[in-house]
Amino acid sequence: MLDIKRLETDFEGVKKNLGTRNFDTSVLNEILDLNKQRKTLTTASETKKAEINRLSREIGELKKNKADAAGPMGQVAALKADMEKEAKDLDTVLAKQQALLLNIPNLLDPSTPVGKDENDNQEAKRWGTPRTFDFTPVDHADLGEKLGMLDFESAAKITGARFVVYKGGIARLERALINFMLDHHMGKGFTEMMTPFIAHERSLVGTGNLPKFKDQLFKLEDNDWYLIPTSEVTLTNLKREQIIDEAEFPFLYTAYSPCFRSEAGSHGKDVKGLIRMHKFNKVEMVAICAPSYSPTAHQLMIDSACEILQRLGLPYRALNLCSGDIGFASQKTIDLEVWVPSQNKYREISSISNCGDFQARRANIRFRNKEGKVDFAHTLNGSGLAVGRTVVAILENYQQKDGSVQVPEALVPYMGGLKEIKK
RNA sequence: GGAGGACUGGCCGAGUGGUUUAAGGCAACAGUUUUGAAAACUGUCGUGGGUUAACGCCUACCUGGGGUUCGAAUCCCUAGUCCUCCGCCA
């Protein structure tokens with residue numbers, strides 16, 4: 001959440017920064033105006049409250065001495081109506097201001113390139129050479145169906161479109177990847193967690209998914225519970241509304257979870273195959289740390305995710321997302337894209353973001369430094385990796401002419417020694 | 001699902017309508033003492049918001065929300081969480 005003090009002291013700077021996103025900054029004037037009202041009403045109502053408190057103590061004293069308290073009681077009655085009206089107006093102003101602030105995206109890091117859309121993202125790195133096939137590579141959906149191990153029809157029968165049933169070797173591959181990824185991150189100093197797959201509204205507000213992106217979530221009936229769209233939500237909220245001793249930093253978490261997304265508005269996109277599902281598995285990394293450490297944590301997470309792709313021998317590139325394409329809560333995001341032969345292009349498999357203090361302000365995650373000063377923490381999150389899309393990449397990049405799929409060497413131990421997925 | 005109990009600062013814990021402006025202890029930090037440490041002693045010791053050049057002053061917060069009252073940690077309603085017992089259950 002935007003720091004209102006920052007808006008007060010550097011209005012033009014904030015406006016310029018947010019203007020490079022696809023964001024209408026006219027709302028900032030409204031917020032500033034509400035803030036003036038907030039201050040005026042606060043001063044007015046608190047002054048009256050102070051007087052009422054003083055008079056109440058006087059009444060107590062008088063009553064104790066069996067004296068007449070009618071005078072001060074009359075004064076209180078006169079002040080109270082005004083005070084209550086001002087307090088009520090203040091609540092209204094605060095609610096309005098809060099509602100607007102919750103929809104303001106994060107300020108961008110200076111190293112985030114300015115650009116209009118995904119075409120302006122900056123390629124930061126490229127690793128591996130896409131394989132040259134001596135036959136025409138099949139896409140993963142056809143490949144999996146021919147193997148009898150990807151069953152979209154059954155999933156549609158059980159639930160609907162954008163779901164899948166895995167069977168046999170591919171089911172095992174998915175499970176192997178989860179374990180492989182978790183083990184890898186643990187080796188880099190991350191602590192494995194397993195969290196609830198349902199979170200309440202407050203948690204989703206904390207990470208920035210609510211209120212703005214409600215239509216992307218699955219909500220449960222009869223309460224304020226939502227299926228998590230990523231375990232970033234639960235991992236980040238582990239420290240919500242806490243003041244942490246700086247000596248405990250950094251918190252580095254990794255977790256597997258299923259992720260649930262309504263994919264509203266993406267009709268017609270990636271309709272075939274595993275790329276875009278309502279439910280997919282993901283291994284996530286989250287860091288909660290001091291501001292000075294967050295660039296280091298960001299690099300640590302990027303490196304850890306890259307190394308997984310390298311250990312799996314999957315060609316990829318890294319993009320520094322531009323201002324027009326970066327997510328709501330992020331100040332700097334690196335996307336990793338893996339090579340998908342059937343599409344002849346790189347596709348997103350990980351997104352690693354430094355959110356600065358944006359989520360920490362929403363979720364009230366603070367820390368106390370050695371001098372005893374309290375400040376907001378920094379939070380970061382990144383996929384490490386999207387498991388279903390890793391399956392896509394392995395099936396396609398490691399496919400063989402006869403329709404079988406080679407298992408990447410690093411994964412063989414996780415597959416119980418199996419070197420090939422075949423019918 | 002039913003019945004009962006609890007929730008106070010970083011932690012423990014006193015407080016059941018008016019010097020509570022939350023006692024006391026622990027932990028932490030600073031100082032005195034010490035060759036150094038420990039101990040002892042002294043002091044500091046929550047978070048927001050408003051106001052101020054600053055020192056300060058004011059205000060809110062005793063799990064969240066609402067209410068009663070001139071005045072609420074304290075009384076009432078409500079939600080949450082935890083504990084105990086009963087029932088059901090992987």
Side-chain angles (χ1 to χ4, degrees), chain A residues 1-9 31-102 194-206 210 220-226 234 237-249 251 288 290 357-377:
Chain A
M1 192 161 68
L2 178 64
D3 180 7
I4 189 70
K5 281 182 186 143
R6 175 109 188 236
L7 192 67
E8 282 181 299
T9 55
I31 292 175
L32 207 57
D33 182 56
L34 282 166
N35 194 49
K36 279 184 198 136
Q37 292 181 46
R38 175 182 69 86
K39 289 189 169 188
T40 310
L41 287 166
T42 301
T43 307
S45 73
E46 286 190 358
T47 306
K48 293 193 179 72
K49 182 64 180 165
E51 182 63 6
I52 290 169
N53 285 345
R54 194 188 63 76
L55 288 164
S56 293
R57 282 192 291 269
E58 207 176 287
I59 291 165
E61 205 56 32
L62 288 169
K63 291 209 166 179
K64 208 198 280 177
N65 300 327
K66 310 271 186 209
D68 178 29
M73 282 180 83
Q75 284 176 273
V76 167
L79 284 167
K80 213 179 164 183
D82 281 349
M83 189 273 286
E84 277 172 356
K85 183 178 182 307
E86 282 157 358
K88 206 176 166 189
D89 290 348
L90 178 61
D91 283 348
T92 310
V93 168
L94 274 173
K96 262 192 215 165
Q97 193 187 48
Q98 186 71 1
L100 293 178
L101 280 172
L102 284 174
M194 191 170 279
T195 63
F197 302 152
I198 294 172
H200 63 204
E201 187 177 320
R202 184 72 191 81
S203 291
L204 287 144
V205 169
L210 286 176
L220 273 58
E221 274 189 51
D222 300 328
N223 51 31
D224 69 343
W225 290 1
Y226 295 80
T234 48
N237 275 282
L238 281 168
K239 299 297 172 186
R240 197 181 69 242
E241 278 145 37
Q242 276 192 43
I243 299 176
I244 298 142
D245 195 336
E246 187 175 358
E248 291 182 60
F249 275 160
F251 295 113
I288 302 173
D357 65 6
F358 183 81
Q359 292 179 323
R361 285 180 183 280
R362 291 177 157 246
N364 211 11
I365 304 168
R366 293 176 291 176
F367 73 100
R368 193 186 303 277
N369 69 17
K370 288 174 197 80
E371 287 80 48
K373 203 171 159 283
V374 173
D375 196 8
F376 289 101

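Just so you know, these numbers come straight off a predicted model, no measurement behind them.
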[X] side chain to [Y] backbone, donor-acceptor under 3.5 Å:
X	Y	result
A:Arg362	A:Leu102	yes
A:Ser203	A:Ala199	no
A:Asn65	A:Ala67	no
A:Asn369	A:Lys373	yes

Ionic contact status for A:Glu241 with A:Arg202, cut-off 4.0 Å: yes
Salt bridge flag under 4.0 Å for residues A:Glu8 and A:Lys39: yes
Option passing side-chain hydrogen bond (donor to acceptor under 3.5 Å, both in side chains) with A:Arg38 (candidates A:Thr42, A:Asn35, A:Thr40): A:Asn35
Contacts of A:Asp89 that satisfy side-chain hydrogen bond (donor to acceptor under 3.5 Å, both in side chains) - sequence neighbours left out: A:Lys85
Nearest-Å distance once atom [atom1] is located in both [N] and [M]:
N	M	atom1	value
B:C76	B:G24	C1'	31 Å
B:U69	B:A28	C1'	40 Å
B:A40	B:A27	P	9 Å
B:C62	B:A23	C1'	14 Å
B:C88	B:G2	C1'	11 Å
B:U44	B:G10	C1'	16 Å
B:U32	B:A38	C1'	15 Å
B:C77	B:C89	P	35 Å

Bracket string, RNA chain B, 5' to 3' - pairs by Watson-Crick or G-U geometry under 3.5 Å, | interstrand: ((((((((.[[[..)..(.....]]].(((((.......))))).((((((....)))))).[[[[[..)....]]]]])))))))....
Among [range], which contact RNA chain B at a heavy-atom distance under 4.0 Å?
range	result
residues 64-93 of chain A	A:Met73, A:Val76, A:Lys80
residues 359-369 of chain A	A:Arg366, A:Arg368
residues 36-61 of chain A	A:Arg38, A:Lys39, A:Thr42, A:Thr43, A:Glu46, A:Lys49, A:Ala50, A:Asn53, A:Ser56, A:Ile59, A:Gly60

Between [atom1] of [X] and [atom2] of [Y], what distance do you get to the nearest 0.5 Å?
X	Y	atom1	atom2	answer
A:Asn237	A:Gln242	CG	CD	11.0 Å
A:Glu46	A:Met83	CD	CE	10.5 Å
A:Glu58	A:Asn53	CD	CG	12.5 Å

Minimum heavy-atom distance A:Ile4-A:Gln97, with the two atoms named: CD1-NE2, 3.6 Å
Outermost nucleotides of RNA chain B that come under 4.0 Å of a non-hydrogen atom of chain A: B:G18 to B:G71
side-chain contact (heavy atoms from CB on, under 4.5 Å) assessment of A:Leu90 paired with A:Leu94: CA-CA 6 Å; A:Leu90 178 61; A:Leu94 274 173; 4.2 Å; yes
Min side-chain heavy-atom separation A:Leu79-A:Leu55 under 4.5 Å: yes
Residue pair A:Phe251 / A:Ile244, side-chain heavy-atom distance below 4.5 Å: yes
Residues A:Glu86, A:Lys48; criterion salt bridge (Lys or Arg N to Asp or Glu O under 4.0 Å); working and verdict: CA-CA 10 Å; A:Glu86 282 157 358; A:Lys48 293 193 179 72; 3.0 Å; yes
